[in-house]
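Side chains included, hydrogens not; waters and symmetry mates left out as well; all remaining heavy atoms used. These figures come from a predicted structure and were not determined experimentally.
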Amino acid sequence: MKRLFLAIALVACTTTAHAEFVSSPTLAGWLDSAASTTGSFKDTTIVTGYVAAISDVLAGTEVCAPANLRQRKMLMAVRGWMRRHSGKWDDNAALTVRRALIELYPCPPNPDR
């Protein structure tokens with residue numbers, strides 16, 4: 001049993017990992033799925049984490065969303081923004097989400113800058 005566990009652990013450690021950026025069309029598909037009552041739980045979970053992570057990174061500096069804003073409302077706002085501004089999409093979905101969030105939830109001007 002110990003050898004089996006060791007063999008499985010070694011195989012798991014030898015697999016390669018890679019990262020890919022998410023495209024804006026892929027993001028739009030996830031958002032459409034999240035908006036649908038019959039959408040994929042997996043897509044909804046992925047897009048919720050994706051948008052929340054970008055929002056968290058930009059919070060208070062470039063994005064000032066209301067404190068009581070629910071994640072679903074933010075997702076639907078980003079989806080609506082993407083539908084209205086297809087010409088502003090970047091190849092990289094993170095940049096598209098950033099642009100959408102900055103336009104949707106701008107921070108007030110900071111006089112210290």
Side-chain angles (χ1 to χ4, degrees):
M1 188 62 141
K2 198 175 193 182
R3 287 183 184 176
L4 177 61
F5 176 75
L6 182 59
I8 291 171
L10 287 173
V11 169
C13 291
T14 60
T15 60
T16 59
H18 68 281
E20 297 176 10
F21 72 88
V22 174
S23 70
S24 289
T26 297
L27 177 77
W30 290 342
L31 287 166
D32 287 344
S33 183
S36 171
T37 57
T38 59
S40 160
F41 177 77
K42 177 183 169 189
D43 290 350
T44 301
T45 302
I46 291 170
V47 78
T48 299
Y50 194 86
V51 172
I54 295 166
S55 174
D56 286 350
V57 167
L58 302 174
T61 57
E62 296 182 83
V63 174
C64 291
N68 63 346
L69 181 66
R70 296 203 179 266
Q71 187 63 36
R72 178 156 180 80
K73 187 168 183 176
M74 182 181 283
L75 290 179
M76 295 306 105
V78 170
R79 180 176 181 254
W81 183 93
M82 288 182 72
R83 288 176 154 221
R84 291 187 306 276
H85 299 95
S86 60
K88 291 186 176 183
W89 291 12
D90 190 275
D91 288 342
N92 186 325
L95 297 177
T96 299
V97 171
R98 177 181 176 264
R99 182 175 287 147
L101 292 175
I102 289 170
E103 287 189 29
L104 291 165
Y105 309 106
C107 289
N110 186 344
D112 295 336
R113 289 187 198 169

Does one hydrophobic cluster hold both [X] and [Y], with members joined at side-chain heavy-atom distances below 4.5 Å?
X: Leu69; Y: Val63; answer: yes
X: Leu31; Y: Ile46; answer: yes
X: Leu95; Y: Val47; answer: no
X: Met82; Y: Met76; answer: yes

Inset, instruction - Could you pull out all residues at least two apart from Ser55 that satisfy side-chain hydrogen bond (donor to acceptor under 3.5 Å, both in side chains)? - result: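 With neighbours one apart ignored, the set is empty.
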Legend entry - Enclosure of Arg70 CZ (heavy-atom neighbours >12, cutoff 6.0 Å):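 Result for CZ/Arg70: open.
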Legend entry - Crowding at NZ, Lys88 (>12 non-hydrogen neighbours, <6.0 Å):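 Above 12, so yes.
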Hey, could you give me the [atom1]/[atom2] distance between [X] and [Y], rounded to the nearest 0.5 Å?
X: Thr26; Y: Phe21; atom1: OG1; atom2: CZ; answer: 9.0 Å
X: Ser23; Y: Asn92; atom1: OG; atom2: CG; answer: 9.0 Å
X: Arg98; Y: Glu103; atom1: CZ; atom2: CD; answer: 11.0 Å
X: Ile54; Y: Glu62; atom1: CD1; atom2: CD; answer: 11.5 Å

Do the side chain of [X] and the main chain of [Y] share a donor and acceptor less than 3.5 angstrom apart?
X: Ser36; Y: Ser33; value: no
X: Arg83; Y: Ala28; value: no
X: Thr96; Y: Trp89; value: no

Legend entry - Residues which pass side chain to side chain contact (heavy atoms under 4.5 Å, CB included) with Ala100, listed by chain and number, not counting sequence neighbours: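 Partners of Ala100 under the side chain to side chain contact (heavy atoms under 4.5 Å, CB included) test: Val78, Trp81, Leu104.
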Using every non-hydrogen atom in the two residues, find where [X] and [Y] come nearest and quote the distance to one decimal.
X: Ala65; Y: Met74; value: CB-CE, 3.9 Å
X: Cys107; Y: Gly60; value: SG-C, 4.1 Å
X: Pro106; Y: Cys64; value: O-CB, 3.9 Å

Inset, instruction - Mind jotting down which residue pairs meet the ring-ring contact (aromatic ring centres under 6.0 Å, His included) criterion with at least one end in residues 26-69? Sequence neighbours excluded, please. - result: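 Of all non-adjacent pairs touching residues 26-69, none passes ring-ring contact (aromatic ring centres under 6.0 Å, His included).
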